[in-house]
2 protein chains.
Amino acid sequence: MTTTTPRHTAAPTIPVNTIGRLSLYRRLLLDLAASGLRQIYSHQLAALAVSTPAQVRRDLMTIGCSGSPRRGYAIEELIEAVNTVLARSVETSVALVGVGNLGRAILAYYTNRQPWVRFVAAFDTDEDKVNRIINGCRVYAMGRAEDILAQEGIRAAALAVPAREAQSVADRLVLAGIKSFLNFAPVRLHVPTGIFVDDMDMTTALDRVAYYAHQHGTT
Amino acid sequence: MTTTTPRHTAAPTIPVNTIGRLSLYRRLLLDLAASGLRQIYSHQLAALAVSTPAQVRRDLMTIGCSGSPRRGYAIEELIEAVNTVLARSVETSVALVGVGNLGRAILAYYTNRQPWVRFVAAFDTDEDKVNRIINGCRVYAMGRAEDILAQEGIRAAALAVPAREAQSVADRLVLAGIKSFLNFAPVRLHVPTGIFVDDMDMTTALDRVAYYAHQHGTT
DNA sequence: AGCTATCTGTGAATTGATTCACAGTGTGAA
DNA sequence: TTCACACTGTGAATCAATTCACAGATAGCT
Ligand SMILES: NC(=O)c1ccc[n+]([C@@H]2O[C@H](COP(=O)([O-])OP(=O)(O)OC[C@H]3O[C@@H](n4cnc5c(N)ncnc54)[C@H](O)[C@@H]3O)[C@@H](O)[C@H]2O)c1
Ligand SMILES: NC(=O)c1ccc[n+]([C@@H]2O[C@H](COP(=O)([O-])OP(=O)(O)OC[C@H]3O[C@@H](n4cnc5c(N)ncnc54)[C@H](O)[C@@H]3O)[C@@H](O)[C@H]2O)c1
């Protein structure tokens, strides 16, 4: 714990981009720690993250880490600091809504990975999926959403329903206490202020990728 | 999310973020056109895109559209302008590399959708998947990548291989002529300048969502 | 045919994120 | 013990994106 600078000191509102990079740093650092390394320089972490030393130092500064001029940063210490910021030392329970092709891929992937984030319930309207356990996660009927979300204290949801349904499902989930969405539908959601939405819009991303495929490259 | 990339084509250099929003506008406008509407105001499009009127007008200005003060913008005209910018009036061929759970979901989704972007070939190392047609797309052995990519003139690829493989597969694809990547692996890729990478990092996104689920604050 | 309300187009201001640049510092070597 | 160096920490500068704010336009109304 680098931080003698405690968390209450500045109620430091960390920029979203920084949060994203911290997530990446944590993965990289866990790998490095697993491979036995104990210290790292900002330029090394920057190379792994495809970033710059200044950016890395700025980010680490933001979360109150400090390193030694001659030895760099202590990896364990950084991991702990990132954990403190990101996970708040709690495992986060997430619901999946919409157990279609994408939803099932997600469940399959996150089973037994990322101990700090866990899909604890899934919801769908399709009778064939309801009351089964799919890829390690129990699927409930949408009718039970409010109950289960409250009961499990779930505040985060991944939304993988058809685009047409996304807004109304989101409205309902907000009323059921969801504070934070990972939205896979290719639409923007209207939510009250204070509710976070991260759009994973593959359709937009594909269009961007197609656009740059036509830019004629150098070299 | 989106990463990198310099730009070297002459004329009007459109920011990456704008490209992303144009993709969204196009989808919204196609819906509106299908529902019979012909004209739209910047504030209406902004509401649909969860953006601001000024942002919309700025974006439309960037692609050389103009509207009438009293009637707004002509929807057909906007669609055509966006098409010109994004698609360059060509259908873009995209390869999928890694036909796992996620890869299959993607193939299933983009079959018969988005006429301007099409998955024309998939590649995998798994013998069981090779030489089959999965969700409408032919799967080839990795050994044939160079051939097929050149033959089909494919310059864009979605990368859905395990994280550990991502860099070496990307290196190979760059040599095979890929200019633009949609990267699903939760790692940052090192690519030569002039190559575009759009990261769809769900793991980072989940961490962000988990973070804001605990935050009692703003979007 | 002029008046008005409401929109567009856009330079300028602002906000935010990233990078620069350098003073300060701890470490290992001699 | 001192020195030199390669690093960190960070204010200031830069760069990019968004938003403001208002002049100019135009359709509808009378
Ligand atoms: N699959 C992909 O690769 C991909 C790519 C881009 C975007 N998306 C988006 O992700 C979302 C899911 O895609 P998918 O391919 O898994 O679709 P899908 O059709 O396979 O699955 C949708 C699931 O949602 C369920 N559902 C429908 N209405 C519901 C409701 N009101 N409440 C709860 N569940 C409901 C359906 O029963 C189904 O199980 C869509 O919005 C899609 O646009 C998917
Ligand atoms: N499924 C998800 O929801 C999810 C979520 C977050 C991240 N991801 C990332 O997306 C990628 C794919 O995930 P997935 O769940 O589909 O994994 P998966 O294991 O189901 O599929 C990976 C596929 O890649 C193929 N493959 C392996 N090495 C290869 C190589 N060198 N060349 C070509 N093909 C190769 C495998 O045969 C397999 O078909 C991974 O990087 C994963 O981290 C997936």
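Below, chains carry the letters A, B, ... as their sequence lines are ordered, and counting in each starts from 1.
The OH atom of B:Tyr73 sits 13 Å away from the P atom of D:dT26 (whole-angstrom rounding). Atoms CG (A:Leu45) and P (D:dC7) sit 14 Å apart, rounded to a whole Å. Residue A:Ile63 contributes atom CD1, which lies 14 Å from atom P of D:dT10 at whole-angstrom precision. In this structure, A:Met61 atom CE and D:dA12 atom P are separated by 13 Å, rounded to whole Å. Between B:Gln39 atom CD and C:dT6 atom C1' there is a gap of 15 Å when expressed in whole angstrom units.
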- Message: Can you build the contact string for nucleotides 14-20 of chain D? Use B for base contact, S for sugar-phosphate-only contact, and - for no protein heavy atom under 4.0 Å.
- Response: ---SSB-
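Remark: A:Asp201 does not engage A:Arg188 in a salt bridge, criterion side-chain N to carboxylate O under 4.0 Å.
Considering only side-chain N and O atoms, A:Tyr41 lies nowhere under 4.0 angstrom from the phosphate OP1 or OP2 of D:dG9. Distances shown here put a side-chain N or O of B:Ser42 below 4.0 Å from the OP1 or OP2 atom of C:dT8.
Taking the ring axis of B:Tyr25 as reference, the NZ or CZ atom of B:Arg27 does not stay both within 45° of it and closer than 6.0 Å to the ring centre.
Scanning both residues, B:Arg172 and B:Ala145, for their nearest heavy atoms gives NH2-CB, 4.5 Å. Contact detail for B:Ile154 and B:Ala95: the closest heavy-atom pair is CG2-N, 3.8 Å. Pairing each heavy atom of B:Glu76 with each of B:Ala33, the nearest pair is OE2-CB, 4.0 Å. Of all heavy-atom pairs spanning A:Ala210 and B:Thr92, the tightest one is CB-OG1, 3.6 Å. Closest approach of A:Ala156 to A:Ile178, counting heavy atoms only: N-CD1, 3.8 Å.
Once rounded to the nearest 0.5 Å, the distance linking CZ of B:Phe196 with CD1 of B:Ile19 reads 9.0 Å.
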Atom pairs, N/O to N/O, protein against nucleotides 26-28 of chain C, distance under 3.5 Å?
from: C:dT27; atom 1: OP1; to: A:Arg71; atom 2: NH2; distance (Å): 3.4

